[in-house]
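Following: one structure in structure tokens, then a few remarks.
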Amino acid sequence: MSSQERTWKTIESGPHTYEEALHPVVRKNYGKWKYHEIPKPGVLKHVAESGDTIWTVRAGTQRQDTVDMLRSLCDVADKYCDGFLRFTVRNNVEFLTPNAENVEPMIAELESMGFPVGGTGMCVSSVSHTQGWLHCDIPATDASGVVKSMMDSLYNEFKDMQMPNKVRLSTSCCAINCGGQADIAVVVKHTRPPRINHDHLVTTCELPKAVARCPVAAIRPTVVDGKKTLMVDEAKCICCGACFGACPAMEINHPEHSKFAIWVGGKNSNARVKPSTMSLVAHNLPNNPPRWPEVTEVVGRILKAYKAGGRPWERVGEWIDRIGWKRFFEETGLTFDENMIDSYRHARTTFNQSAHVRF
Amino acid sequence: MSGANDSAMNGGCHCGGCGSSDGNGKFLHETPMLDQLESGPWPSFITGFKELAERTKKPMLRGVLDQLEYSYKTRMGYWKGGLVTVDGYGAGIITRYSMIKDKFPEAAEFHTMRIQPAPGLHYNTDMLRELCDIWEKHGSGIIALHGQTGDIMLQGIEQDKVQECFDELNQAGWDLGGAGAGMRTGVSCIGPGRCENACYDNLKLHLTALKHFSGQVHRPEWNYKLKFKFSGCPNDCTNSIMRSDLAVVGTWKDAIQIDQDEVKAWIEERGMDALVNNVISRCPTKAITLKDGGIDIATRDCVRCMHCINAMPKALSPGKERGISLLMGGKNTLKVGVNMGSLIIPFMKMETDEDREAFIEQIEEIIDWWDDAGLDHERIGETIERVGLKQFLEGVGIEHDINQVTRPRDNPYFKAKY
Ligand code: HEM
Ligand code: SF4
Ligand code: SF4
Ligand code: SF4
Ligand code: SF4
């Protein structure tokens, strides 16, 4: 349809307004909540200064949803929640109702539809993740599949509240890591420098842009068959894949050599210790669809050790701070290797600038 | 890229239009690897896709499942980008063309429309059903709820349907989110909608700010992307510190409000050991002491971390003098490595429309500075790191404040006015 035929003039409205999307009890007590309780996993009870109570039932979703699935969630919201629902930033769906008697039937209905109820308090919540083979143009793997496989084995950890504190997981399909920092993160690591398709490069890529993208200045102009193109100094290259984002002819993904790495100890909340970034604790795990058992195994091991050894309120990073990295590796059975010593910018901030030693 | 996925290519019509079934009477081709993602208790996106495909018989869905199966088999991705927009906009549609459309012509195009939801990700079922109907009419029916930057991602539409789909969505009150080097969609926690910790109306500020910058969302023209996230308190449920350039975090200035009767009830229920081990000794600045069977908090020692309030939600709540802290520069790996946001403005009131206006003026100044000082493809945190925090503060007219550093400089090389 060409623009001339349009009868509708765009309204640049920005985000959808929220007031019409708030349950009347939420609207009435907006900003006047007094306290909350978690009566059981997956259920929140918020009490307002007015004495009103609102119950929340929280359930996990597959995040890659469909109109059918959304409509079925709407049916639940219509039946029990006066037609209102919301989502959390970790892809959980929440149903809010002022009627306590709606809670149990709603849980039963959601579970019968296949949506696990949980994700509250000291649990492993849903995984924030990225696009993968379904949609991104630079992925080495399929984040949705890794997450589905991982959550199958962490199903009870989602539904229970048996962890020392909340555990946030994330999964990313390339080293750019759109999935973000988390207590435990599963992130692709390329292990070979890009392979250059010179014919393709000359016709599709802006050379200066690709050169500028490299964080370690490993890309240099060169001439091949009389044509200006690029080369990679393989000794310098850190296999980050940044150039591939700018120039698809610098193919970094590889069916064998794009591997998985596991990172731990990221925390964004300010509670107790300051926010922290993640550290590398395992890498070279195979990118093994459709079930990625090696990834799930390592994540499971870390969670098991944390669950056994963490004290109340300690996030994964705080637990490691207390017991030390040496014991972290002992208790998880993972191996510390030389690649886990940082060699990039600000590396010295991760070195032990003290005589504190653990034996 | 050689070796076609034979099972996916057996028989069937690949014209991409008629949606007819293949020789064995089934609409979908075999996808043995994807099928393995249908077992196990966690909800399966593959099951959802297959059910949708069987019901709607949309050829695109079959093609996408075939291509995804092929990716699982070959461990490679096969999408490339391009440029598709709607009238008047320069962003918001993420273009996906198949690199192997000869193999799977039904999935030749699979573009995504990023749609901005309401702050706090609240819906009523009327608006959601309308969204589903429009999306089913024009697109694949696949929706990701939500992207990490907050968008509803309507995944799978062809270029020639994008404009009419958008027009219908727009008439229903929806607008496209950001992409490219401009303002991106924002994220906010539930805030005052349900959380007793919210220190400002983050939903309102989110709406106000993103509406204000709508032009820059739709027509990207800066050095690089800029993301807002709005968390009601330092628990930072939106992960703003790590994942946004502009992290707006609620906080308070005065004393934590203590209900001593509730403190005593807490101790009664859980015991003194729990109070000492899990509350008092976990306070990062040792601001809490036992007093007369209750607790005392030395406000001047408190760094407003939220721990004690989280542990005793009935007994403790944030103070009354509330507002926001602004942190800047959070971003992930590419290309200087991970950076968390750092504190720029320790406190700003955020109660009235004037407060919100002052906030937006301040952000505009910050963006102007970045537009000038930043390099192409440089996030604002990287620009600050390159030119220096002192220069940034001067450039945007923000007062220096001891809260901006963990400690004064240890490097003696500097030039001062004497
Ligand atoms: C070119 C292909 C890319 C695709 C298809 C892609 C896709 C996405 C999507 C769909 C999201 C969620 C968006 C939303 O919620 O609206 C996202 C978030 C993100 N992207 Fe990308 N991305 C790409 C490239 C990049 C690059 C080059 C960077 C690095 C500079 C990057 C960094 C991020 C980060 C850090 C987030 C998460 C931000 C947050 O937590 O909100 N992405 N990406
Ligand atoms: S992590 Fe990488 S591959 Fe995955 S969505 Fe982000 S940019 Fe794409
Ligand atoms: S992979 Fe990274 S380090 Fe290697 S050449 Fe490309 S941009 Fe440079
Ligand atoms: S960030 Fe604070 S205000 Fe927002 S939902 Fe989390 S705890 Fe509540
Ligand atoms: S908010 Fe944090 S710093 Fe302040 S008193 Fe409570 S635990 Fe201590």
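Chain letters run A, B, ... following the sequence lines, proteins first, then strands; residues in each count from 1.
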Between [X] and chain A, with a heavy-atom cut-off of 4.5 Å, which part of the residue counts as in contact: side chain, backbone, both or neither?
X         : result
Leu145(B) : both
Gln36(B)  : both
Cys233(B) : neither
Met340(B) : side chain
Thr56(B)  : neither
Ile190(B) : both
Cys308(B) : neither
Phe166(B) : side chain
Met76(B)  : both
Leu68(B)  : side chain
Pro313(B) : both
Val64(B)  : side chain
Lys314(B) : both
Tyr89(B)  : side chain

Knowing that exactly one of Lys32(A), Lys34(A), His36(A) qualifies, which makes a side-chain hydrogen bond (donor to acceptor under 3.5 Å, both in side chains) with Glu196(B)? His36(A)
Do you know which of [options] has the most heavy-atom pairs with chain B at a distance under 4.5 angstrom?
options                        : answer
Phe84(A), Phe115(A), Trp313(A) : Trp313(A)
His46(A), Glu12(A), Gln64(A)   : Glu12(A)
Asn288(A), Asp82(A), Thr141(A) : Asn288(A)

Pick one of side chain, backbone, both or neither for [X], based on which atoms fall under 4.5 Å of a heavy atom in chain B.
X         : value
Met69(A)  : neither
Leu44(A)  : side chain
His254(A) : backbone

Which pairs count as salt bridge (Lys or Arg N to Asp or Glu O under 4.0 Å) when at least one residue sits in residues 34-49 of chain B, sequence neighbours excluded?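 Non-adjacent pairs meeting salt bridge (Lys or Arg N to Asp or Glu O under 4.0 Å): Asp35(B)-Lys50(B), Glu38(B)-Lys50(B).
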Point-to-point distance, once rounded to the nearest 0.5 Å, from CD of Glu49(A) to OH of Tyr35(A): 12.0 Å
Sequence neighbours left out, what passes ring pair (Phe, Tyr, Trp, His ring centres under 6.0 Å) with Phe158(A)? Give chain and number order.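 By the ring pair (Phe, Tyr, Trp, His ring centres under 6.0 Å) rule, Phe158(A) matches Trp42(B).
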Which label fits Tyr30(A) and Tyr18(A): parallel for a plane angle under 30°, tilted from 30 to 60°, or perpendicular past 60°? parallel
Return the orientation label for the Trp174(B) and Tyr123(B) ring planes: parallel under 30°, perpendicular over 60°, tilted otherwise.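 Plane angle between 30° and 60°, so tilted.
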Decide if the gap between the ring center of Trp79(B) and the ring center of Phe110(B) is smaller than 6.0 angstrom.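 Distance test on ring centres: under 6.0 Å, yes.
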May I ask you to say whether Asp78(A) pairs ionically with Arg129(B), meaning some side-chain N is under 4.0 Å from a carboxylate O?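 Between Arg129(B) and Asp78(A) there is a salt bridge, with a charged N closer than 4.0 Å to a carboxylate O.
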